[in-house]
Amino acid sequence: MPTELVVLVSVLVFPGGLFAFALGLALKGVDRRVAARLQGRVGPPLLQPAFDLVKLGFKRTMVPDTAVPGVFLAAPLIGVVAMALAVALVPIAGVYMPDPRLGNLLVLLYLLSVPGIALMIAGSASGSPFGAVGFSREMALMLAYEATIVLVVAAVGLRTGHAEGQVVTFSLAEIVRHQQEHGAYLLDPVMWPAVAAFLFFYPANLGIVPFDIPEAETEILEGPLLEYSGPALALFKVMSALKTVVVLSLGIALFCPVAPDGIAGFAVWLAMMLGLLVVGISAVRVSIGRMRIDQAFSFFLKWPLLLAAASLTVVVVV
Amino acid sequence: MLLARNLKRIAARSPWLYRINSGSCNGCDVELATTACIPRYDVERLGCQYCGSPRHADIVLITGPLNRHVKDAVLRLWEEIPEPKVTVAVGVCPISGGIFRESYAVCAPVDQYLPVDVNVPGCPPRPQAIIEGVAKAIEIWRARL
């Protein structure tokens, strides 16, 4: 197969595009079901997020008088496209290795911040005061958690680079290959603080309690999403489903990409995704309340940053 | 045709609820909250979700006797909800005015101003009655999709 076609398939069919779309919706469904069960409720059917999307397809998209129509409608599209590309950048151990021409870890970092920016654009273009509050909160939170992920990625890059005889590597394929040969970073005590920092990062990046501050329903009525309805809102739901896949899959690729080849490796990967989802998202969001933006801001600039910096320092010094 | 019908059947499994308090004493609102928050009366199993924005809503639950002061705001809010939508009057107040009827300060019944599809009487109605009202509203909503 010509390489252009391979790249196209990896973005549109597997693991990006269709596959990530289905998996993301399924993960969201599992999350809602598990959260309901933990609260002692019956919960919605597993396919509920898909039902929601179909429903939104039948509704009308209303554009408020105060909005900038073009930007208002383009924001969700930007987010979805960025995430569909990002999924194709993350390797699945033993199953999928991204084409190096798609980009490396640094490109992925940039793409990961696009949904946040799409939400900011959406909030400010909607012309709603709640959207504006959501915009400012999203920006503050992003400033706080981006530093953490950059340090985590630097620690992993340097560790792999040193071991491979280079200074640093930002190729996810190389990072995964190195761990497959020499053992996962999850079992490497030097990387444990970085793993912990990543565990704090991903609920914030996914906008999940206790860090769902920009979209707080009870305070600012879902902030940037307040004015969206119909298919435009559905696109935001798709974006958030894809982002779940990207972030969980990135965590696995950075710290634990150890799996047999072929279908067994795929099953192991799916099991790890589900584990991360249930333990790190569903169980957390039913057990604690939402932080205030100032609390979250100072929290991220203290503990996760400290943890990531600790890992990085040890990697650099040793 | 068949595909469209099937998609509509699927769509009807995701009714999002929106509460409008038009000057209620909060009794009905507490009962509404129990249908979502108490494990015994979980409405999420019907696919329902309480949403914060009128733009996301499919089924509108109105409580209270429509106070004169909030009438215009309630009507405006109702207009903001995208079609197709279904309106449910929860409690006896929006239906007749309840204990506030004949007061100079209320505009009840609500159906003078809005097309009400389902009435759930009670002061306050039991959660089972509210859920039955929502189930009926879903039937009506499916026909409108």
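Letters A, B, ... are given to chains in the order of the sequence lines, protein chains preceding strands, and every chain is numbered from 1. All values below were derived from every heavy atom in this structure, side-chain atoms included, with hydrogens, water molecules and symmetry-related copies excluded.
At a 4.5 Å heavy-atom cutoff, the contact between B:Glu80 and chain A is made by backbone atoms alone. Contacts between A:Leu233 and chain B at a heavy-atom distance below 4.5 Å involve the side chain alone, from C-beta outward. Contacts of A:Leu56 with chain B are made by side-chain atoms alone, with heavy-atom separations under 4.5 Å and no backbone atom involved.
Of all the heavy atoms in B:Asp42 and A:Val42, the pair that sits closest is OD2-N, 3.4 Å.
Judged by distance alone, with hydrogens and angles left aside, the side-chain atoms of A:Lys55 form no donor-acceptor pair with the main-chain N or O of B:Lys8 at under 3.5 Å. Put simply, the side chain of B:His56 gets close to the backbone of A:Tyr228: a donor and an acceptor are under 3.5 Å apart.
Remark: A:Gln48 CD to B:Leu46 CG distance equals 9.5 Å, nearest 0.5 Å. Rounding to the nearest 0.5 Å places CG of B:Asp58 at 12.0 Å from CZ of A:Phe58. With rounding to the nearest 0.5 Å, the separation of SG in B:Cys51 from CG in A:Leu226 is 10.5 Å.
Counting heavy-atom neighbours within 6.0 Å of B:Gln112 CD, excluding the residue itself, gives a total above 12.
Interface summary for chain B: among A:Arg33, A:Arg60, A:Met62, A:Gln39, the most heavy-atom pairs under 4.5 angstrom belong to A:Met62. Of the residues considered (A:Gly57, A:Pro64, A:Pro45, A:Gly40), A:Gly40 shows the highest number of contacts with chain B, using heavy-atom pairs under 4.5 Å.
Of residues 12-24 of chain B, those residues with a non-hydrogen atom less than 4.5 Å from any non-hydrogen atom of chain A are, in numerical order, B:Arg13, B:Ser14, B:Trp16.
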For this session: Verify side-chain contact (heavy atoms from CB on, under 4.5 Å) between A:Arg41 and B:Arg45, making sure each step is shown before the conclusion.
Result: CA-CA 8 Å; A:Arg41 295 185 287 122; B:Arg45 66 198 151 154; over 6 Å; no

